[in-house]
J.: 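Right, I'll just put the structure down here and ask away after.
One-based numbering along the sequence shown.
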Amino acid sequence: MTIRFSLYFFLLLSGLSIAQLDSLRFKKYSMAEGLSDNVCTSIIQDQEGYIWIGSTNGLNRFNGSTFNYYHQQQAPINLPGNYVRTILRFNNNRLGFVTRKGVT
């Protein structure tokens, strides 16, 4: 009885998740749409809703329609290097950027 119930429950959940996947839509972004590079090393969303994308060629901020590009020594972020390894979010919702040449 327990095995039948577990199998039925698993199949029911599997069917629900497959049905939900059909409603998902994906959009591919690349350099053609404004990214600084096609290689994404990290991604995070800030408290204002911007998507920050680290790449091997700088940092990108996406507002839902366009990309802003930030590179080494460019205000207001002043990345120490263009290869962004990781994007960190601190408790105060500040973002930190780890590059091959340092941290900001």
J.: Hydrophobic clustering (ILVMFWY, side-chain heavy atoms < 4.5 Å, transitive) - are Ile77 and Ile87 grouped together?
T.: yes
J.: Could you walk me through whether Arg89 and Gln47 pass side-chain contact (heavy atoms from CB on, under 4.5 Å), step by step?
T.: CA-CA 10 Å; Arg89 182 178 26 233; Gln47 69 179 17; over 6 Å; no
J.: More than 12 heavy atoms of other residues, nucleotides or ligands under 6.0 Å from CG of Asn92: is that the case?
T.: yes
J.: Working to the nearest 0.5 Å, report the span between CG of Leu79 and CZ of Arg100.
T.: 14.5 Å
J.: So that I know where these two stand, are Phe62 and Trp52 an aromatic pair - ring centroids less than 6.0 Å apart?
T.: no
J.: So Ile44 and Asp46, do their side chains get closer than 4.5 Å, heavy atoms only?
T.: no
J.: Tell me, which pairs form a side-chain hydrogen bond (donor to acceptor under 3.5 Å, both in side chains) where one or both residues lie in residues 30-39, sequence neighbours left out?
T.: Ser30-Glu33, Ser36-Ser55, Ser36-Asn60, Asp37-Thr56
J.: Under 30°, 30 to 60°, or over 60°: which ring-plane class applies to Phe67 and Tyr29, parallel, tilted or perpendicular?
T.: perpendicular
J.: What do the steps show when you test Leu88 against Val98 for side-chain contact (heavy atoms from CB on, under 4.5 Å), and what is the final call?
T.: CA-CA 8 Å; Leu88 305 168; Val98 179; 3.9 Å; yes
J.: Could you check whether Ser65 and Asn63, counting side-chain N and O atoms only, form a donor-acceptor pair closer than 3.5 Å?
T.: yes
J.: Taking atom OH of Tyr70 and atom CG of Asn78, what is their separation to the nearest 0.5 Å?
T.: 12.0 Å
J.: Flag the pair Tyr50 / Gln45 as yes when at least one side-chain heavy-atom distance between them is below 4.5 Å, and no otherwise.
T.: no
J.: Counting C-beta onward and ignoring hydrogens, is there a side-chain heavy-atom pair between Asn82 and Thr99 closer than 4.5 Å?
T.: no
J.: Please report the interatomic distance CD1(Ile53) to OH(Tyr69), rounded to the nearest 0.5 Å.
T.: 13.5 Å
J.: Which value, rounded to the nearest 0.5 Å, describes the distance between Gln72 atom CD and Thr104 atom OG1?
T.: 11.5 Å
J.: Roughly how far, to the nearest 0.5 Å, is CG of Leu35 from CG of Asn57?
T.: 10.5 Å
J.: With the 4.5 Å side-chain cut-off for hydrophobic clustering, are Val103 and Phe90 part of the same group?
T.: yes
J.: Treat each ILVMFWY residue as a node, draw an edge where side-chain heavy atoms are under 4.5 Å apart, and state whether Tyr83 and Leu59 are in one component.
T.: no
J.: How long is the straight-line distance from CZ of Arg85 back to NZ of Lys101, given to the nearest 0.5 Å?
T.: 12.0 Å
